There are 2 protein chains.
Amino acid sequence: MLSYTEENYLKALLKLSFQNEEKPEAGTNEMAAYLGVKPATATDMLKKLKEKDLVTYKKYGKILLTDTGKKNGIAILRKHRLWETFLYEKLDFSWDEVHEVAEQLEHIQSAKLVDKLEEFLDFPEFDPHGDPIPKANGEMPVIAKTLLAELKAGDTCSVAAVKDTSTLFLQYLEKLQITIGTKIKIIEVIDFDGSLYVGIAGGEPRSVSMKFAESLFVQKLL
Amino acid sequence: MLSYTEENYLKALLKLSFQNEEKPEAGTNEMAAYLGVKPATATDMLKKLKEKDLVTYKKYGKILLTDTGKKNGIAILRKHRLWETFLYEKLDFSWDEVHEVAEQLEHIQSAKLVDKLEEFLDFPEFDPHGDPIPKANGEMPVIAKTLLAELKAGDTCSVAAVKDTSTLFLQYLEKLQITIGTKIKIIEVIDFDGSLYVGIAGGEPRSVSMKFAESLFVQKLL
DNA sequence: TATAAAAGTTAGATTAATCTAACAAATATT
DNA sequence: AATATTTGTTAGATTAATCTAACTTTTATA
Ligand SMILES: [Mn+2]
Ligand SMILES: [Mn+2]
Ligand SMILES: [Mn+2]
Ligand SMILES: [Mn+2]
């Protein structure tokens with residue numbers, strides 16, 4: 001049985017492994033920063049996780065999830081995203097509110113609960129932020145991720161996921177009536193500052209910053 | 001903010017206060033036994049709860065919830081029973097499976113979650129075991145509780161709640177196709193051992209033990 | 001009422017998770 | 001290569017929740 005805290009370390013390592021593309025390893029300070037603890041604390045926990053064969057770790061070295069560690073991490077991510085979907089779809093939470101509560105719900109231990117919840121939600125593929133929900137067997141679709149910022153004038157796309165999940169960004173998106181699936185057309189790319197002039201389905205054309213364009217994953221449409 | 005453990009002590013004290021009819025106080029050993037800890041552990045925690053003004057307690061004395069303590073305890077009971085109802089109604093858990101998971105879910109912190117959950121469940125009044133669900137304001141209907149064992153030959157009743165919530169009893173009830181609301185008619189009372197010969201709506205007449213009859217709360221029908 | 005039993009407390013130890021402060025190793029920069 | 005910076009570790013302390021073993025108070029019983 002893993003403690004609440006151990007689970008958080010595994011999930012953090014998994015998330016970091018997605019972030020550092022192609023390099024699924026992390027450092028002590030990186031982990032500590034991500035989890036909001038001091039490096040000394042992370043060092044201790046990493047030793048413990050190594051004892052339990054959940055990570056590979058040696059002094060001053062990089063940290064990597066073992067197969068068991070990864071399996072456990074994915075199970076927690078699966079619960080997190082299923083609960084986010086539940087809160088969003090069934091309880092009318094907005095997409096900037098779901099994460100905090102899911103951080104707690106993801107630690108509930110009950111295999112039956114997860115699977116029944118998934119069934120109740122009709123086997124959703126993505127969570128409210130557009131992130132893929134791992135299946136019971138651990139499979140998780142890896143979607144090619146294109147940033148809005150990578151598109152050119154004339155391109156059209158559909159919003160696939162948010163890269164930045166901060167409340168500020170999510171609420172701004174809501175204000176612009178942008179949600180997962182919203183169609184966006186790039187009217188013009190402003191070279192001066194990397195901002196974009198875009199048409200958002202059903203709204204007036206408007207300008208969005210480069211920071212904005214780098215925070216949104218889209219699927220390019222033909 | 002209360003810890004998971006503190007919450008459990010408050011809920012335990014509340015439950016004990018319902019059990020000891022008319023005497024809403026509990027003793028240290030009683031609390032410890034109920035929570036599955038040693039008396040020494042309970043003593044320490046009670047001192048802590050007293051510091052936080054959640055219980056009234058003095059050395060070698062009985063323990064009583066303060067108003068704040070009671071309010072908190074009821075809030076946890078409310079969550080517990082709402083989650084049990086969710087698991088039973090929406091996720092097809094059987095009534096002997098819901099408790100264990102609700103023990104975990106009751107500690108999730110989010111006022112919005114509880115209230116939305118209640119709304120989603122259409123403001124249920126009773127949980128799957130027939131126990132009343134406290135309202136958001138702390139109100140909880142106090143239902144007159146009659147045991148099946150108190151009835152006489154010729155009486156008819158409707159099952160209101162289970163007194164014993166053990167898996168063994170709940171599964172036995174399921175086997176007999178008895179659930180909340182099931183009508184039962186007392187055909188004969190066997191004085192020798194207190195057992196009852198009863199007719200269960202839609203089934204063959206059968207005999208049930210005194211222990212059985214003392215584990216089921218019913219509402220007498222006219 | 002004296003004594004035995006039950007109920008409750010205290011002291012001291014343990015484990016998990018955290019911290020700060022001091023130190024050590026690895027990496028980057030002149 | 002020497003030095004400075006970054007990264008990571010160790011030692012020692014703290015807090016919450018628990019335990020055991022010894023002790024004290026209260027209650028029951030002879
Ligand atoms: Mn999230
Ligand atoms: Mn998400
Ligand atoms: Mn229960
Ligand atoms: Mn119940």
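Throughout, a chain's letter reflects where its sequence line sits, starting with A, and its residues are numbered from 1. Since the structure is predicted, the reported quantities are computational estimates derived from the model, not experimental observations.
- In this structure, CG of Leu46(A) is placed 12 Å from P of dT18(C), rounded to the nearest angstrom.
- The backbone N or O of Ser215(A) sits nowhere less than 3.5 Å from a side-chain atom of Lys163(A) that would complete a donor-acceptor pair.
- Between Lys47(A) atom NZ and dT18(C) atom C1' the separation is 14 Å, expressed in whole Å.
- As rounded to whole Å, 11 Å separates atom C1' of dT27(C) from atom NZ of Lys62(A).
- Closest contact between the side chain of Thr28(A) and the listed nucleotides dT10(D), dG8(D), dT18(D) involves dG8(D).
- Atom CE of Met31(A) is separated from atom C1' of dG8(D) by 14 Å (rounded to the nearest Å).
- A salt bridge links Lys52(A) to Glu6(A): at least one charged side-chain nitrogen sits closer than 4.0 Å to a carboxylate oxygen.
- Checked against the 6.0 Å centroid threshold, His99(B) and His129(B) do not count as a close aromatic pair.
- One atom, CG of Asn29(A), and another, C1' of dA25(C), lie 13 Å apart when rounded to the nearest Å.
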Can you give me every donor-acceptor pair (side chain of residues 65-78 of chain B, partner residue at least two apart or in another chain, under 3.5 Å) with its distance?
{"unit_1": "Thr66(B)", "atom_1": "OG1", "unit_2": "Asp53(B)", "atom_2": "O", "d": "2.8"}
{"unit_1": "Thr66(B)", "atom_1": "OG1", "unit_2": "Leu54(B)", "atom_2": "O", "d": "3.1"}
{"unit_1": "Thr66(B)", "atom_1": "OG1", "unit_2": "Thr68(B)", "atom_2": "N", "d": "3.4"}
{"unit_1": "Thr66(B)", "atom_1": "OG1", "unit_2": "Gly69(B)", "atom_2": "N", "d": "3.0"}
{"unit_1": "Asn72(B)", "atom_1": "ND2", "unit_2": "Thr68(B)", "atom_2": "O", "d": "2.8"}
{"unit_1": "Arg78(B)", "atom_1": "NH1", "unit_2": "Glu118(B)", "atom_2": "OE1", "d": "3.4"}
{"unit_1": "Arg78(B)", "atom_1": "NH1", "unit_2": "Glu118(B)", "atom_2": "OE2", "d": "3.0"}
{"unit_1": "Arg78(B)", "atom_1": "NH1", "unit_2": "Pro134(B)", "atom_2": "O", "d": "3.0"}
{"unit_1": "Arg78(B)", "atom_1": "NH2", "unit_2": "Asp115(B)", "atom_2": "OD1", "d": "2.8"}
{"unit_1": "Arg78(B)", "atom_1": "NH2", "unit_2": "Glu118(B)", "atom_2": "OE1", "d": "2.9"}

Would you tabulate the pairs of protein nitrogen or oxygen atoms and nucleotide nitrogen or oxygen atoms of nucleotides 19-23 of chain D closer than 3.5 angstrom?
{"unit_1": "dC19(D)", "atom_1": "OP2", "unit_2": "Lys38(B)", "atom_2": "N", "d": "3.0"}
{"unit_1": "dC19(D)", "atom_1": "OP2", "unit_2": "Thr41(B)", "atom_2": "OG1", "d": "2.5"}

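- Atom CD in Glu25(A) sits roughly 14 Å away from atom P in dT7(D) (whole-Å rounding).
- Using a 4.0 Å heavy-atom cutoff across all strands shown, Tyr4(A) reaches no nucleic acid atom at all.
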Donor-acceptor pairs under 3.5 angstrom involving side-chain atoms of residues 26-36 of chain B: please list them, not counting sequence neighbours.
{"unit_1": "Glu30(B)", "atom_1": "OE1", "unit_2": "Gly27(B)", "atom_2": "N", "d": "3.0"}
{"unit_1": "Glu30(B)", "atom_1": "OE2", "unit_2": "Asn20(B)", "atom_2": "ND2", "d": "3.2"}

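- Using the six-membered ring where Trp is involved, Trp83(A) and Phe86(B) have ring planes that are tilted, between 30° and 60° apart.
- Within the 4.0 angstrom heavy-atom criterion, base atoms lie near Thr43(B).
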